[in-house]
Amino acid sequence: MREFLDITMFAAACLALLAGFPVAFTLAGVALAFALLGIALGVFDPGFLSALPQRIFGVMTNEVLIAVPLFIFMGVMLERSRVAEDLLVSMSQLLRETRSGLGVAVILVGMLLAASTGIIGATVVTLGLLSLPAMLRAGYNPRLAAGSICAAGSLGQIIPPSIALVLVGDVISGAYQKAQFDLGNFAPDPVSVGNLFAGALLPGLLLVALYLAYHLFLGRSSARPGLDPDTSARTEIAPRAPGLLLTLLPPLLLIVFVLGSILAGIATPTEAASVGAVGALLLAAARQEGRFGWAALLASGCLLGLLVLAAFLDLRLGRASTPPLESLGIGAAFLLSAVASAALLAVLWRLWRDGLLVEALRRTTKISCMIFIILVGATLFSLVFRGLGGERMVQEFLTGMPGGLWGAIVTVMAVIFLLGFFLDFVEITFVVVPLVAPALLALGVDPVWLGVMIALNLQTSFMTPPFGLALFYLRGVAPETLSTGDIYRGAFPFVILQLLALAILAAYPPLATWLPGLIFKP
């Protein structure tokens, strides 16, 4: 009876989600219904439900998950400051003398936006509005143009810093610790989100290289595929594009500070996310006030000065004795902090007055609340599923697969890929990954490699019909001459390229494990 209930519970949750019911309340409602049914039948211990308040408290006090709203705010603010538009215009101007120049620019800009904003919906919409009409006028195949935009816009799923990697990393970390405890290892090496960021960097670049190779192979056109001077987007953006260097430099510096501080071990992902949020505020303010607003420039200079002082001097207070040079450095740090605070207040006031800050905070709150309420519902779902014996059933199923370890891995990846046709990556991350990851990790799978494999697999969910979000976003801004069928067919080759990248990563795990081992080696 217990085995029947856990399988039925999972099937009922999937059917309710496909029916369009809210994710968080579906997961929690199905879990409570089956918990009550299990109690009535005597096959479920109510003690599992008593652990729910502590689980929720653990979720809300998890320092790693604090990075989620910070990265979301960073992405929303950069999207509102229209960085993507200037990047696309400047990049297409740089590549306008080459064939497939605009298509290559779309992929490269998508890569840069993935490493800075990570907001997939905003990236797809922006690229669709700016580049799709120009690509069609330049003679691009409509399917190739649509597929390129969807693929470039969804790169934020795998290229760090990525919200998906933060969520998958937190789940993998907990699953790895539990698997090691079950194996008798009570002091396992921790698996951090930073490990996953480092592990996903090379596979993400591999995917970009595959996109570029495919585009260069098929995107041949007799026209010069740069943005036409007479397009409305080009006319609107051109006065604000100060040149390629000034366009690329601010987001590139932000990427270096955020991702570089994580990979260098200087900051945790949460701390780096806060740096990215402040950097996005300064960049947005600078664009509002011209090339570089005085407040944004002053705050940036003061923050850079603080970093330099902290790198070369010991600025700790309360020591018994402080050398004169360090005392001078502490005084300078206080002065720089005061000036930076005043400048940041001016930046916040400017963005508040222009309405950017309010809109960014509102969107950040909505997206963050959606993610965390789904996490709470998934926590209750996993508790009840475990109480009904579902975790043991999954483990026995995977260990009994023909082909051993690789049979289990292929099965899990196939299930995640198929679920991506119907479910969002957040739902799969919080519902499916906690069920299958402990069993795979108990079989000796490397946690970083598994996390990157799952994240790369989840990226396909944005481009697989009928519920691929990237396809929906592009459909909303595409001209009526581009049919929905063309968008679907255009995305198909890029899904194949994603699966090819997944196969390469499966065949060569060091692609994901080499860089974390090099950076975070003991």
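Note: hydrogens, waters and symmetry copies are ignored here, and every other heavy atom, side chains too, is used.
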Chemist: Answer yes or no: is there a side-chain heavy-atom contact under 4.5 Å between L441 and K178?
Modeler: no
Chemist: Is there a side-chain contact (heavy atoms from CB on, under 4.5 Å) between L283 and M77 once you walk through the steps?
Modeler: CA-CA 9 Å; L283 184 56; M77 184 57 69; over 6 Å; no
Chemist: Answer yes or no: is there a side-chain heavy-atom contact under 4.5 Å between L108 and L212?
Modeler: yes
Chemist: Let me see the working for F10 and V431 under side-chain contact (heavy atoms from CB on, under 4.5 Å), right down to the final yes or no.
Modeler: CA-CA 9 Å; F10 185 80; V431 178; 4.2 Å; yes
Chemist: How long is the straight-line distance from CG of L196 back to CG of L167, given to the nearest 0.5 Å?
Modeler: 11.0 Å
Chemist: Above 12 or not: heavy atoms from other molecules or residues under 6.0 Å from CZ of F472?
Modeler: yes
Chemist: Tell me whether T464 contacts the main-chain N or O of G420 through its side chain, where contact means a donor paired with an acceptor under 3.5 Å.
Modeler: yes
Chemist: Walk me through whether I487 and R143 qualify under side-chain contact (heavy atoms from CB on, under 4.5 Å).
Modeler: CA-CA 6 Å; I487 295 177; R143 298 176 186 177; over 6 Å; no
Chemist: Might you work through the side-chain contact (heavy atoms from CB on, under 4.5 Å) test for T364 and L70, ending with a clear yes or no?
Modeler: CA-CA 8 Å; T364 300; L70 290 173; over 6 Å; no
Chemist: Are side-chain heavy atoms of T270 and L65 found at a separation under 4.5 Å?
Modeler: no
Chemist: With a 6.0 Å cut-off (strictly less than), is the heavy-atom count around CZ of F492, excluding the residue itself, greater than 12?
Modeler: no
Chemist: Do Q498 and Y211 have side chains that approach each other closer than 4.5 Å (heavy atoms only, starting at C-beta)?
Modeler: yes
Chemist: Which distance, rounded to the nearest 0.5 Å, do you find between the CE of M413 and the CG of L499?
Modeler: 11.5 Å
Chemist: Taking atom CD1 of I262 and atom OG1 of T268, what is their separation to the nearest 0.5 Å?
Modeler: 7.5 Å
Chemist: Of all heavy-atom pairs between A198 and I519, which one has the smallest distance, and what is that distance?
Modeler: CB-CD1, 4.3 Å
Chemist: Rounded to the nearest 0.5 Å, how far does CG of L254 lie from CG of L112?
Modeler: 12.0 Å
Chemist: Would S483 and D486 count as having a side-chain donor-acceptor pair, cut-off 3.5 Å?
Modeler: yes
Chemist: Pairs in or reaching into residues 192-207: which pass salt bridge (Lys or Arg N to Asp or Glu O under 4.0 Å), with residues at least two apart or in two chains?
Modeler: none
Chemist: Would you say the side-chain atoms of S261 pair up with the backbone N or O of V258, donor to acceptor, closer than 3.5 Å?
Modeler: yes
Chemist: Measure the OG1-CD1 distance between T429 and I416 for me, rounded to the nearest 0.5 Å.
Modeler: 8.5 Å
Chemist: At their closest point, which heavy atom of L456 faces which heavy atom of I158, and how far apart are they?
Modeler: N-CD1, 3.9 Å
Chemist: Any side-chain heavy atom of T460 sitting closer than 4.5 Å to one from L502?
Modeler: no
Chemist: Side-chain contact, heavy-atom cut-off 4.5 Å: P269 with V64?
Modeler: no
Chemist: If you take all heavy atoms of P142 and L136, which pair is closest and at what distance?
Modeler: CA-CD2, 3.7 Å
Chemist: Does any part of the side chain of I428, heavy atoms only, come nearer than 4.5 Å to the side chain of N457, both counted from C-beta?
Modeler: no
Chemist: Indicate the atoms forming the closest heavy-atom contact of G128 with L132, along with that distance.
Modeler: O-CB, 3.1 Å
Chemist: Side chains of C150 and F494: closer than 4.5 Å at any heavy-atom pair?
Modeler: no
Chemist: Give a yes or no on whether the backbone of S154 and the side-chain of Q459 come within a donor-acceptor separation of less than 3.5 Å.
Modeler: yes
Chemist: Could you go through the side-chain hydrogen bond (donor to acceptor under 3.5 Å, both in side chains) check for D170 and S173 one step at a time?
Modeler: CA-CA 5 Å; D170 185 66; S173 177; 5.9 Å; no
Chemist: Less than 3.5 Å apart, which donor and acceptor atoms pair up between the side chains of residues 24-35 and the rest of the protein, not counting sequence neighbours?
Modeler:
residue, atom, partner, partner atom, Å
T26, OG1, P22, O, 2.6

Chemist: Does the W449 side chain pair with the main chain of L505, one donor and one acceptor, at a distance under 3.5 Å?
Modeler: yes
Chemist: Specify the closest pair of heavy atoms between A360 and V76, including all atoms of both residues, with the distance to one decimal.
Modeler: CA-CG1, 3.7 Å
Chemist: Check the angle between the aromatic planes of F417 and F421 and answer parallel, tilted or perpendicular using the 30° and 60° thresholds.
Modeler: perpendicular
Chemist: Using 0.5 Å steps for rounding, measure from the CZ atom of F73 to the CG atom of L361.
Modeler: 5.5 Å
Chemist: Q157 and A164: which non-hydrogen atoms are nearest, and at how many Å?
Modeler: NE2-CB, 3.4 Å
